[in-house]
Amino acid sequence: MRSPPPNRRIKRRWHARPLEAPVGRQNKRRDFTAPHVADQGRGAAQALRRRAEKLLQGGTAEAAEHQSLASMSPAAIGEMLHELRVHQIELEMQNDELRRRQLELDTARARYFDIYDLAPVAYCTLSEAGLIIEANLAAASLLGVSRSALVRQRISRFIVKADQDVFYLHRKRLQRTGAPQTCELRMARDDGTPFWGHLEAAAAQEADGSTVLRMVISDVSQRRHAETELRIAAVAFESQQSMMVIDAAGIVLRVNRAFTEITGYGAEEVVGKPPGLLQPGLHDGDFFLAMRDTIDRVGGWQGETWDRRKNGEVYPVWLGVSAVRAADRGVSHYVATHYDITQRKKAEREIEALAFFDYLTHLPNRVLLLDHLKQAMLASHRSGVFGALLFIDLDRFKALNDSHGHDKGDLLLQAVAQRLTASVRECDTVARLGGDEFVVMLVSLSGCREDAALQAEIIGEKIRTALNRPYQLDGSEHQCTASIGATLFQGHQTSVDELMKQADLAMYRTKESGRDRLRFFDPAMQTAALGHADLEVCLRRAIGERQLVLHYQAQVAADGRVTGSEALLRWPCPERGVMLPAEFIPLAERSGLILPLGTWVLEAACAQLALWASRADLAHLSIAVNVSARQFHEAHFADQVLAILAQTGANPHRLQLELTESLLVDNVDALIEKVARMKASGVGFSLDDFGTGYSSLYYLKRLPLDRLKIDRSFVRDVLSDPNDAAIARTIVALARSLGLGVIAEGVDSQGQRDFLANAGCDAYQGYLFSPPLPVADFEAFVLRA
């Protein structure tokens, strides 16, 4: 407890005995009814106040005091003293309360400054001019300046110049509205380190009436960076690249707009489902196991694959899958990107075409030819068979370009490319080196050098014949010949460059020797080629002198009756002996002699029919004659046949022309017209060697045929090869469905005949019945049968 004030102790010493007034103060106040006593006390008190005021003013009121006190009664004076003591006690109590409140205020102020200084957020007080009046420790730390150095600094010093206007407008809004304001701008610490600051400011009134700005500054760089990253991620996710987010269980969580545009699937159709609906089933399980293994090991996978759009279209994509790791390093999600590479693959093909193919003819160019040649040489080394290079140069091509323009020249080159391609097998290569130079690479020829040379020569002459046919170039006809140089190769005995030089040199030798022919580089083969030239001369003479003869092989019906024969050509050459068609027909084809030779065969066969017609025992016989494709394509072939029938008097119904499937490759409509015209006169037709070449069921249905002929290559192994047996049965079934007869050639055993009979075949030809015979022997055979 506080001790009583000293003046109270002094006053107590004024009295010899204790005063009773304080003790009965309340009663005295209740019972005190003499107004004048109270008035006297109040008057005395007022007098004391006036005296105190005069003393404060420097004056003296001693006389007045004595006079006032003298006029007061003792009771009034006592009452006055009592009032003074009570007032003094009240003042002391008020002083105690003021001191207590002052202490609390000092404590609160100290706590406020502790909180202000130690707060983790930067606080500043600014003048209206923007000067820092005070700042806490966090502000000093954030701005990189001590508190003492920070005071009286302009806050704008710590704001990046480009954002000074932002702060200016922020302060003006605050001053104008009086409401708290916020803004974000770029700031820099005292050492120049930049950061994003978030400012919150409010106006406050100081005790002296001035206005200050209370400001909170927060470093929001990390938040701004995170927001930027999120915006970048959002933009990246909505890029032109199709994207999927898949959870660890393999369920699609999210797709972007590009995914919908590329695949055709909306988000609602794939979210919540596995991504398997995009897979076209072109990859097996091992593919996806390998993909997952790579993702687990390295965190991602990328490569070419195939996807399926909603409309069912399968298209190539570049797929990238990245694993998203959680805090425990486990996979939480997968992000898959799909890039449609359809156009890229198309561009790659176009680039490949430019790099490896001729732009005009679309044939392989020199680069691709050399690659194919290297591969062919390697294959030849392994198999031991020969291959051949044919260099082809068009004769007088420059004259066409000069006289008719390059457009016509381009049309000719394109037509030549088509004829070359049609003249060789699918396994062979036709290339254009440039200008009017072409190369044909033949593979898988014979293992015998001489036989391979003969095969190459036959194909070369076939090419030369094909190229010699007239060309229709934009409404005008053009004739063109070709010079061909040839060389053989087997394995790596000769280098690629040397082979090319050999074929090129052989071609130039052909040019020098008169053009429009084929010449081999190898002198020995050239000798053989010259031998073929001699043979051509002999054949031409034999046709003119009618040295060739026809032999006849019986055609037997199912009941054993001989119904007719096939006319087979023989050449009793004085120098070489009797030669079979396989030995001289290719020469006749490439030399053009097939036309007069074919005419002679037709005349001889029809003359024989006329002779048989005069004999009752042979009048029922028919004769089948093979017709070459070149012969049949002659414009007046139908007129020629009908004229021969008329001249010889043969019965058209006894003549049967055997056509080859190669006829169905070119100008089929004209073929059908010719066949129909001769068919109307009674001539019969069969399709020879059916199944060995090009067969179109559409044209087969349109051709007015009488029967199909099963080739001897199928009949030979019909009892041992299931494939040949199936083909034979199929041909019979096809013929029956088309209403055609069926004859099988090469029937040399009873087992073959029985099999074919069970399959439904109705006619046979082969050594089981009779070999090809001269006419007299054949007639004797018919009469004995």
Side-chain angles (χ1 to χ4, degrees), residues 1-119 123 125 127-128 133-134 136 151 178 202-212 214:
M1 293 292 292
R2 184 185 294 274
S3 60
N7 58 353
R8 178 177 292 184
R9 291 195 295 272
I10 294 172
K11 288 183 179 180
R12 285 179 179 172
R13 287 197 296 269
W14 286 352
H15 303 283
R17 58 182 181 83
L19 295 175
E20 297 179 355
V23 178
R25 180 180 180 192
Q26 292 181 354
N27 293 333
K28 191 171 285 187
R29 284 185 177 179
R30 275 196 309 270
D31 300 334
F32 194 80
T33 56
H36 65 282
V37 177
D39 293 339
Q40 289 179 356
R42 284 192 292 273
Q46 292 174 358
L48 285 173
R49 291 189 182 94
R50 285 194 298 273
R51 183 170 177 269
E53 291 173 356
K54 289 180 179 180
L55 287 173
L56 290 171
Q57 295 172 1
T60 59
E62 186 175 350
E65 179 183 351
H66 287 300
Q67 182 178 0
S68 175
L69 291 172
S71 62
M72 293 178 62
S73 66
I77 292 173
E79 178 68 19
M80 182 185 67
L81 290 174
H82 176 74
E83 288 291 335
L84 288 173
R85 285 196 296 273
V86 170
H87 183 63
Q88 182 178 4
I89 291 170
E90 290 176 347
L91 290 175
E92 289 176 355
M93 292 174 66
Q94 290 177 4
N95 286 337
D96 288 343
E97 180 66 21
L98 289 173
R99 280 193 294 275
R100 184 182 66 79
R101 292 188 178 182
Q102 184 64 44
L103 181 61
E104 292 176 352
L105 183 61
D106 291 344
T107 301
R109 182 177 177 84
R111 185 182 302 113
Y112 164 76
F113 278 109
D114 286 344
I115 294 173
Y116 180 80
D117 282 343
L118 301 177
Y123 292 106
T125 300
S127 69
E128 286 190 293
I133 299 173
E134 60 181 8
N136 67 351
V151 175
Q205 202 77 23
E206 291 286 83
D208 60 0
S210 62
T211 300
V212 295
R214 310 286 188 194

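Note that the structure is predicted; figures quoted are calculated from it, not measured. For the single chain, residues carry numbers from 1 onward in sequence order. Note: hydrogens, waters and symmetry copies are ignored here, and every other heavy atom, side chains too, is used.
Residues satisfying the side chain to side chain donor-acceptor pair (under 3.5 Å) criterion with Q94, sequence neighbours excluded, are absent altogether. Every residue meeting the side chain to side chain donor-acceptor pair (under 3.5 Å) condition with S210, not counting sequence neighbours, appears here in chain and number order: D208. Qualifying side-chain contact (heavy atoms from CB on, under 4.5 Å) partners for E97, counting only residues two or more places apart in sequence or in other chains: R100, R101.
Considering only heavy atoms from C-beta on, R85 comes within 4.5 Å of L81 through its side chain. In this structure, T211 and Q205 have side chains that are in contact, with non-hydrogen atoms separated by less than 4.5 Å.
Among all heavy-atom pairs drawn from I133 and V151, the shortest one is O-CG1, 3.4 Å.
Here CG of L98 is found 12.0 Å from CE of M93. Values are rounded to the nearest 0.5 Å.
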